[in-house]
Amino acid sequence: MAENATHDLFCHAINSLNDFAIWRNFTAKIVDGSPALFMFQMTIISLAGMIFGPSLLGQNKKLLDTMFPIRSLATLWTVASFGNLFYTFLIAVKADPAMMLKPGRAAMYIGSSMFCIALFLSLAVSFLLKTIVTVEANLNKSIVFIAASQSFTGFPVVAAFLTELKIQNTDVGRLAFASAVFADLIDIVVAAISLTLGDVVSHPLAPVRAVLSNIAFVIVIVFIIKPMVMWMMGPIKEMKLVGEKCIFITTVVTLLLAFVSEIVGQHYVLGPLIFGLVLPIGPPFGATLVSKLSTLVCGLLYPAYLAVTGLQTNIFKVDFQSAIIVGIVMVSGIIIKLGAVILPALHSQVPVRDAFLLAIILNIKGIVEINVYNFWKDNKILHDGDYALCVVSVILTNVVVAPLVKLLYNPSRQYNTLKRSTIQHSRRDSEFRMLVCIHNRENVPAIINLLEISHATEESPIAVIGLVLVKIEGRAAPILIENSRKRVPETESSSTTSILNALRNYEQNHRNSSTVQSFTSITHFETMHDDICRLAMNKRATIVIMPFHKKWAIDGSIESTNRSIQQMNRNVLKNAPCSVGILIDRGILNGSLSVLNGRLLFNVAVLFFGGPDDAESLAYGARMVRHGCVKITVVNFLLFGNANSKERKRDSDLINEYRQGNLGNQQFLYFEEVVRDGVELAGCLAKMVGCFDLVLVGKYHQKSPLFRGLEEWSECPELGVIGDMLASPDFECTASVLVVQQPRMRVNETEPLIHEAPDYNRVCLSMERRNQRIF
């Protein structure tokens, strides 16, 4: 041992583990006992770590010694290390290894450029500063490491940031995550190599032994431990259940690999990181593992790690000159990374605005940098002042980046349209492109019925784009999968497989008049509308069909309600570049499974009150009536005493166009109902809707005495006044309802388009622009 080595020595009281109940010893301090002290500290630091650190309240020596005495720090750091270990493990479990190995060309260019250029140029800046400025002795050793840290881009930090801003499903968000994953892969490899070769001076063969031991360590995880886990997963896949035994074994193996990582000379998180990557992602195993551990880890242990980091951050150890030098290194590192991201992004044909936003997002900092700074501090590479500067730089960077991205980026802007993609404005013989969104198997019969009565022919075929909506579980990155015709991706569940099979059966029954493309969106419901709207725009959809958020029981009551789907529907209605229909499925009440199964006639009602949305529902009904088994009844509701209004004349001209186009068609019926107020309207609807299998109605209607009193009872405003009434469980009705909305012009979000009579000599496509897929 070196003679000049210094060690901290502290003593434990022999009764430190005894019970200090207040009613037994009124003179004893409760926090003198180790268990009580530890519980008290965990409570305090979970609430605010840096506040009680030496930068703020910790300046009071007496308070600091009472709350965080030296003898307690070892226990505190041990618990915090467990938080860091398991948090890293959970991140790895949720990561997709395929994205690391196959990130896409653009992400590979950006990730490699971001790491390599930022590393070399930041190091060059640090060496330049050392030559032209007199640097304090401690900083002179650490400035190179601080400069190197500017090249780090942790994908967990980027993933959390994108999720917080709800932009992970956008083109910029997906590219940012893929680029961060690839850059982090390079960073992990470089860090492992540097740790392996760090002891080169101790023995000539030390590097060789270190390299061989690390390679063997990785081989054991990948080729021995992983197959054992997959063998254990066999019965889990069949039963779809993960027992406590599997969770326990996984936890123990994680701790063992952390121990082995330290033995082979690596950081203790390396083993859990690799182990998490080889575990199956998503349900059932990955999702269950994350749900079991995340509450304790993310709610207590991981915040404790961050809080302990704050406890040892002392900004009063920073001197002015060091702050200026480190500030120059940090700012130059950010500028260098901006350029290192923007240039390859522009080369990959990313728009200039998106490239700039991408560069800002990839400058975000967080747990990865904190881990590195803590490791360097423990190994005396960073001293107190340098460490405080690094931690403060992480905080300041995030304070700037987050508001800047919110200010500059509006995800809904990419769906803005100047033209309209609607049924009303499409040619009679054009391809009818339907994007049908399916959440579960119960949605399938109603969707297939709707496709059947939409009447696919060789002259006017239907292009079906099926999108299965799956809530993300046990994975970090949302994905949009194009389902292969030959096989179903491994991420698909049995429910998803049955949905895809139903769509393929529909295609087989309409080989010459219909095509089907199927996709699966695995993401959060809060951002699922991004996938829906982007797919609608890229596939030039005419209408998007969305599931309703309520499910009916056999007795007509509401069986279940999913508020996440309701919010998703609202977001789609707000941002969609084409028409949208929300399908309220009551098929379980009348037993209708398919139009082709023993049904001679399928009765459809079109409720017309005027306006663009009703015009769209009328156009859809006019297409359905071409089907030999569909009978359309158009009911035009007229306000008493409003015969000479301009709006009524315009609506009459529109309806007459469709009546003229269906002269002689016995299955196209038209009626007029004159009503005075909302009471008469509700009574009229209650009498007639029971005669139909499907009711079409527009969402938006201009204010009128017809709806007076009805708006006050609206439970689902996304359906409009009439749609909400028809979807209410209090409204005795067995007919399914399709509420239709034409796309909104972005000039004014609140006012719909002024409808026009159908023009069959032109086609209006809703594509203002199409974003090129860049990976």
Starting at [atom1] of [X], measure out to [atom2] of [Y] and round the result to the nearest 0.5 Å.
X: I221; Y: L273; atom1: CD1; atom2: CG; value: 9.0 Å
X: T496; Y: R441; atom1: OG1; atom2: CZ; value: 9.0 Å
X: I479; Y: F177; atom1: CD1; atom2: CZ; value: 11.0 Å
X: C246; Y: F285; atom1: SG; atom2: CZ; value: 6.0 Å

Point to revise | CZ/F356: more than 12 non-hydrogen atoms of other groups inside 6.0 Å | key: no
Review point. Checking side-chain contact (heavy atoms from CB on, under 4.5 Å) against I522, which of L480, V470, V468 comes through?
Key: V470
Side-chain donor-acceptor distances from residues 144-153 under 3.5 Å, at least two apart:
unit_1	atom_1	unit_2	atom_2	d
S149	OG	I146	O	2.5
S149	OG	Y373	OH	3.1
Q150	NE2	I146	O	3.1
S151	OG	A148	O	2.7
T153	OG1	K337	NZ	3.0

Review point. Got a sec, which pairs hit salt bridge (Lys or Arg N to Asp or Glu O under 4.0 Å) with one end in residues 271-294, sequence neighbours left out?
Key: E244-K292
Point to revise | Expected output: side-chain R475 to main-chain K94 donor-acceptor under 3.5 Å | key: no
Review point. At their closest point, which heavy atom of N84 faces which heavy atom of H267, and how far apart are they?
Key: ND2-CE1, 4.2 Å
Practice item. Apply side-chain hydrogen bond (donor to acceptor under 3.5 Å, both in side chains) to T520 and N483, showing your working. Key: CA-CA 7 Å; T520 300; N483 301 309; 3.2 Å; yes
Check your understanding: Can you list the steps and then say if N571 with Q567 is a side-chain hydrogen bond (donor to acceptor under 3.5 Å, both in side chains)?
Key -> CA-CA 6 Å; N571 292 334; Q567 186 58 46; 3.3 Å; yes
